Number of protein chains: 2
Amino acid sequence: MNIGQAAKHSGLSAKMIRYYESIGLLKPASRSDSGYRLYSNDDLHTLAFIKRSRDLGFSLEEVGKLLTLWQDRQRASSDVKALARQHIDALNQKITELTSLRDTLQDLVENCQGDHRPDCPILKDLESACCLNRAKAL
Amino acid sequence: MNIGQAAKHSGLSAKMIRYYESIGLLKPASRSDSGYRLYSNDDLHTLAFIKRSRDLGFSLEEVGKLLTLWQDRQRASSDVKALARQHIDALNQKITELTSLRDTLQDLVENCQGDHRPDCPILKDLESACCLNRAKAL
DNA sequence: CTTGACCTTCCCATGGGGTCAAGGTCGATT
DNA sequence: AATCGACCTTGACCCCATGGGAAGGTCAAG
């Protein structure tokens, strides 16, 4: 199976598959006589694993670790759990930050009349460097 | 005032100030005889505006629009409000996505024993391309 | 034989910065 | 006057993860 088919089946782009190979996330694919990359069903399985991990928000570095754990029959599930927990923590932090930003903006929007008069509390807030106690999130 | 001082007062880095100038977000600063950038109190005000907008999560492109609106005395506050609303929507979408990912991972972690036996539902889930109905978030 | 779909490698771009290098300028001390 | 350290200048390259596109090779169908 050529890279285009592998891409379709895995949900990754051909570009990404080549990139993953180039950074060592994937072992170099076998090649046809003419130099085309060839993918087996096992390879497809690995590609799907990567796709799924990426969809769950793991970085490529984390995906690499997960792949190693996946391929290691002696892996301790606690390792995987730790990696997942770490990722959950990062997600939670991001969620907290974004929520705080949203709430601040929401406050500002609610105090903005939104008509055609130029008096706008949103700009007023952005303008006032003195009142940074509203949104310390970042 | 030189760029270092301006950076300290605004909370931006000198590097970022130069970058903002290079992409046209800021008007070119005036220069001393020796070529150093010079910043007035008005400039500081603008830098603080940018810092605050970035802290609220606006992209540089959005910051540019906000700056224009800020400097336009005839601006309609509805324009600003629309921009803020749009940003709130984007934040909400991101929050929803991240929350969904976190919940999926949380489920997986809760079903993982985390001991030293290699049987791990997290890897099982990542492995199974057939069961993509768990986390469709991305 | 030609067409068009596919493949290859290579380079460039994104955003929002960080880091480092080579050199110019400044104020203060020796 | 010389020197030192702190500051400034531009420029280049790094990160992540990916998209876009150029220039050229390969393949199967018409």
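In what follows, every heavy atom counts, from backbone to side chain, and hydrogens, waters and symmetry copies are set aside. Letters A, B, ... mirror the listed sequences (proteins, then strands); counts begin at 1. None of these values were measured; they are calculated from a predicted model.
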Do the ring planes of A/F49 and A/W70 sit parallel (below 30°), tilted (30 to 60°) or perpendicular (above 60°)?
parallel

Think [X] has a side-chain N or O under 4.0 angstrom from the OP1 or OP2 of [N]?
{"X": "A/R31", "N": "D/dG25", "result": "no"}
{"X": "B/R37", "N": "D/dT10", "result": "yes"}
{"X": "B/Y20", "N": "C/dG16", "result": "no"}

From [atom1] of [X] over to [atom2] of [N], roughly how many Å is that when rounded to an integer?
{"X": "A/D55", "N": "D/dA17", "atom1": "CG", "atom2": "C1'", "value": "14 Å"}
{"X": "A/Y19", "N": "C/dT9", "atom1": "OH", "atom2": "C1'", "value": "16 Å"}
{"X": "B/L12", "N": "C/dG16", "atom1": "CG", "atom2": "P", "value": "13 Å"}
{"X": "B/R54", "N": "C/dG17", "atom1": "CZ", "atom2": "C1'", "value": "9 Å"}
{"X": "B/Y39", "N": "D/dC7", "atom1": "OH", "atom2": "C1'", "value": "14 Å"}
{"X": "A/L60", "N": "D/dT18", "atom1": "CG", "atom2": "C1'", "value": "10 Å"}
{"X": "A/E62", "N": "D/dC16", "atom1": "CD", "atom2": "P", "value": "12 Å"}
{"X": "B/I23", "N": "C/dG17", "atom1": "CD1", "atom2": "P", "value": "9 Å"}

Enumerate all atom pairs, one protein N or O and one N or O from nucleotides 26-28 of chain C, separated by less than 3.5 Å.
residue: C/dC26; atom: OP1; partner: B/S34; partner atom: OG; Å: 3.0

Any residue meeting side chain to side chain donor-acceptor pair (under 3.5 Å) with A/T99, in chain and number order, not counting sequence neighbours:
none

With B/D89, which residues qualify under side chain to side chain donor-acceptor pair (under 3.5 Å), at least two apart?
none

Any pair with a residue in residues 76-107 of chain A that passes ring pair (Phe, Tyr, Trp, His ring centres under 6.0 Å), sequence neighbours left out, goes on the list, sorted by first then second residue, please.
A/F58-A/H87

All N/O pairs under 3.5 Å across the protein-nucleotides 19-21 of chain D interface:
residue: D/dG19; atom: OP2; partner: A/S13; partner atom: OG; Å: 3.2
residue: D/dG20; atom: N7; partner: A/K15; partner atom: NZ; Å: 3.1
residue: D/dG20; atom: O6; partner: A/K15; partner atom: NZ; Å: 2.2
residue: D/dG21; atom: O6; partner: A/K15; partner atom: NZ; Å: 2.4

Considering only distance and modelled atom types, tabulate donor-acceptor pairs under 3.5 Å from the side chains of residues 3-13 of chain B, sequence neighbours left out.
residue: B/S10; atom: OG; partner: B/A6; partner atom: O; Å: 2.9
residue: B/S10; atom: OG; partner: B/A7; partner atom: O; Å: 3.3
residue: B/S10; atom: OG; partner: B/L12; partner atom: N; Å: 3.2
residue: B/S13; atom: OG; partner: B/M16; partner atom: N; Å: 3.0

Indicate whether any N or O donor in one side chain lies under 3.5 Å from an N or O acceptor in the other, for B/D43 and B/S40.
yes

Spacing of CZ belonging to B/R85 relative to CD belonging to A/Q106, to within rounding of 0.5 Å
7.0 Å

How long is the straight-line distance from CG of B/L66 back to CD of B/Q71, given to the nearest 0.5 Å?
11.0 Å

Please list, chain by chain and in numerical order, all residues satisfying side-chain contact (heavy atoms from CB on, under 4.5 Å) with A/T68, sequence neighbours excluded.
none

Can you name the side-chain contact (heavy atoms from CB on, under 4.5 Å) partners of A/N92, sequence neighbours left out?
A/I88, A/I95, B/R102

Kindly write out the residues that satisfy ring pair (Phe, Tyr, Trp, His ring centres under 6.0 Å) with B/Y20, not counting sequence neighbours, or none if the list is empty.
none

Identify, between B/S59 and A/N2, the residue whose nearest nucleotide on DNA chain C lies closer to the 5' end.
A/N2

Distances under 3.5 Å only, N/O to N/O: pair up the protein atoms with those of nucleotides 28-30 of chain D.
none

How bent is the helix from C/dC1-D/dG30 to C/dT30-D/dA1, comparing axes over its five end pairs at each side, to the nearest 10°?
40°

Please classify the nucleic acid contact of A/R18 as base, sugar-phosphate, or nothing, using heavy-atom distances under 4.0 Å.
base

Just wondering, do B/L101 and B/T104 contact through their side chains at under 4.5 Å, heavy atoms?
no

In the structure I gave you, are the side-chain heavy atoms of A/K94 and B/K94 within less than 4.5 Å of one another anywhere?
no

Between side-chain atoms of residues 22-34 of chain B and protein atoms elsewhere (two or more places apart, or another chain), which donor-acceptor pairs fall under 3.5 Å?
residue: B/S22; atom: OG; partner: B/Y19; partner atom: O; Å: 2.7
residue: B/R31; atom: NH1; partner: B/G35; partner atom: O; Å: 2.8
residue: B/S32; atom: OG; partner: B/S34; partner atom: N; Å: 3.3
residue: B/S32; atom: OG; partner: B/S34; partner atom: OG; Å: 3.1
residue: B/S32; atom: OG; partner: B/G35; partner atom: N; Å: 3.4
residue: B/S32; atom: OG; partner: B/Y36; partner atom: N; Å: 3.1

